[in-house]
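Taking it in order: structure first as structure tokens, then the write-up.
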Amino acid sequence: MAIRKKIIAANWKMNMTSSEAASFMEDLELELKNFDGAEVVIVPPFTALPKLSEILGEIPGVSLGAQNMWHEASGAFTGEVSAGMLREFFTRYVVLGHSERRTIFGETDELINKKVKTALAASLRPIVCVGETLAERDANQHHEVLARQLKGSLAGLDADQMLDTVIAYEPVWAIGTGRTATPEQAQEAHAFIRQTLAEMFDATTASKVRIQYGGSVKPDNAKELLHQSDIDGALVGGASLEPRSFAKIVKAAARG
Ligand code: PEP
């Protein structure tokens, strides 16, 4: 069975100034001293990337991610940033297709697919978010929705590119609501995602891809979720804004 190192990402959304981010990292570094049981990714707003790129270079096992990007290299795209601009600050990951981008900003699988391809071409690793709404879960349509989002946003990738990509399963009804998927519901969805990746690519590739769970992950529910066989990490929103609570989630990823 493929060994997949757990990956825990802090999605700060539109929170944290540069100086708040720097002080967060001082505290997190103390909390995680000598811990290497998981890969940690900090995903701040764009404005905190320069400051964090200076600090994170010195902290082993912690890397930088961005919350979004545009798929063109440059030009008349007011308000957007390119993959090259993110790479300038040693950004390693980029979250694409977050449900807030899909619902508030109208992003489609087709657009997300363009961004995924551009990110990979620039050596940025995409964290591609998929997940069903409450109405879709209640109508038992979550498999259909997940398959559509995976096939649309990952279209045209080869197996090597898939291995550089992380999937985040984020049921929309669990994001920022305090309502978490049960470990069984999450494991079932993750197994379905892995099976769909096996059909789209091959079984070996699918067994190596890391699939994070996201949706109201907190210190008190992290361990049970992170110990499900197909859950390889977490994408954490609210609970990632406080260093001690985020560190507890990171440590919950340790084996045993
Ligand atoms: C998220 O923003 O990706 C998220 C999962 O948020 P929260 O942990 O607050 O539900």
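One-based numbering, in listed order, for ligands and for the atoms of each. What you see is a predicted model, and the numbers here were worked out from it, not measured in a lab. The chain is numbered in sequence order, starting from 1.
With E107 as the partner, the salt bridge (charged side-chain N to carboxylate O under 4.0 Å, His left out) test is satisfied by one option alone out of R102, R101, K114: R101. The side-chain hydrogen bond (donor to acceptor under 3.5 Å, both in side chains) test with H143 is passed by exactly one of E188, R148, E136, E132: E188.
With N221 contributing its side chain and K218 its backbone, the two residues share a donor-acceptor pair below 3.5 Å. R244 contributes no side-chain N or O that, together with a main-chain N or O of L28, makes up a donor-acceptor pair within less than 3.5 Å.
The ligand atoms of ligand 1 that sit less than 4.0 angstrom from a heavy atom of G215 are 5 (C), 10 (O). Those atoms of ligand 1 with a heavy atom of A174 less than 4.0 angstrom away are 10 (O). Every atom of ligand 1 with a heavy atom of N11 under 4.0 Å away is listed here by number and element: 1 (C), 2 (O), 3 (O). Those atoms of ligand 1 with a heavy atom of G214 less than 4.0 angstrom away are 5 (C). Counting atoms of ligand 1 from 1 in the listed order, those under 4.0 Å from a heavy atom of S216 are 7 (P), 8 (O), 10 (O).
A salt bridge links E39 with R210; the closest basic N to acidic carboxylate O contact falls under 4.0 Å.
Ligand 1 does not have A239 within reach: every non-hydrogen atom of the residue lies 4.0 Å or more from it. Under the 4.0 angstrom criterion for non-hydrogen atoms, A168 is not in contact with ligand 1. Heavy-atom distances between K218 and ligand 1 stay at or above 4.0 Å for every pair.
In terms of protein heavy atoms, atom 9 (O) of ligand 1 is closest to G238 N, 2.8 Å. Summary of contacts: the protein heavy atom closest to atom 8 (O) of ligand 1 is G237 N, 2.8 Å. From the protein, the heavy atom lying nearest to atom 5 (C) of ligand 1 is E170 OE2, 3.1 Å.
Of all heavy-atom pairs between Y169 and A186, the closest is CE2-CA, 4.5 Å.
Relative to atom 1 (C) of ligand 1, the option among R179, H98, Q212, E100 with the closest non-hydrogen atom is H98. Comparing heavy-atom distances from atom 10 (O) of ligand 1 across G176, A9, S240 singles out G176 as nearest.
Residue L235 places no N or O, backbone or side chain, under 3.5 Å from any N or O of ligand 1. Remark: ligand 1 and T177 share no N or O pair separated by less than 3.5 Å (distance only, no angle test).
Partners of R87 according to the salt bridge (Lys or Arg N to Asp or Glu O under 4.0 Å) rule, which considers only residues two or more places apart in sequence or in another chain, do not exist here.
Remark: the Q187 side chain and the D230 side chain contain an N/O donor-acceptor pair separated by less than 3.5 Å.
For I175, heavy-atom contacts with ligand 1 shorter than 4.0 Å involve the backbone as well as the side chain.
The aromatic rings of F246 and F24 are tilted relative to each other, their planes meeting at an angle between 30° and 60°.
Residue M14 shares its hydrophobic cluster (ILVMFWY side chains chained together at separations under 4.5 Å) with no other residue.
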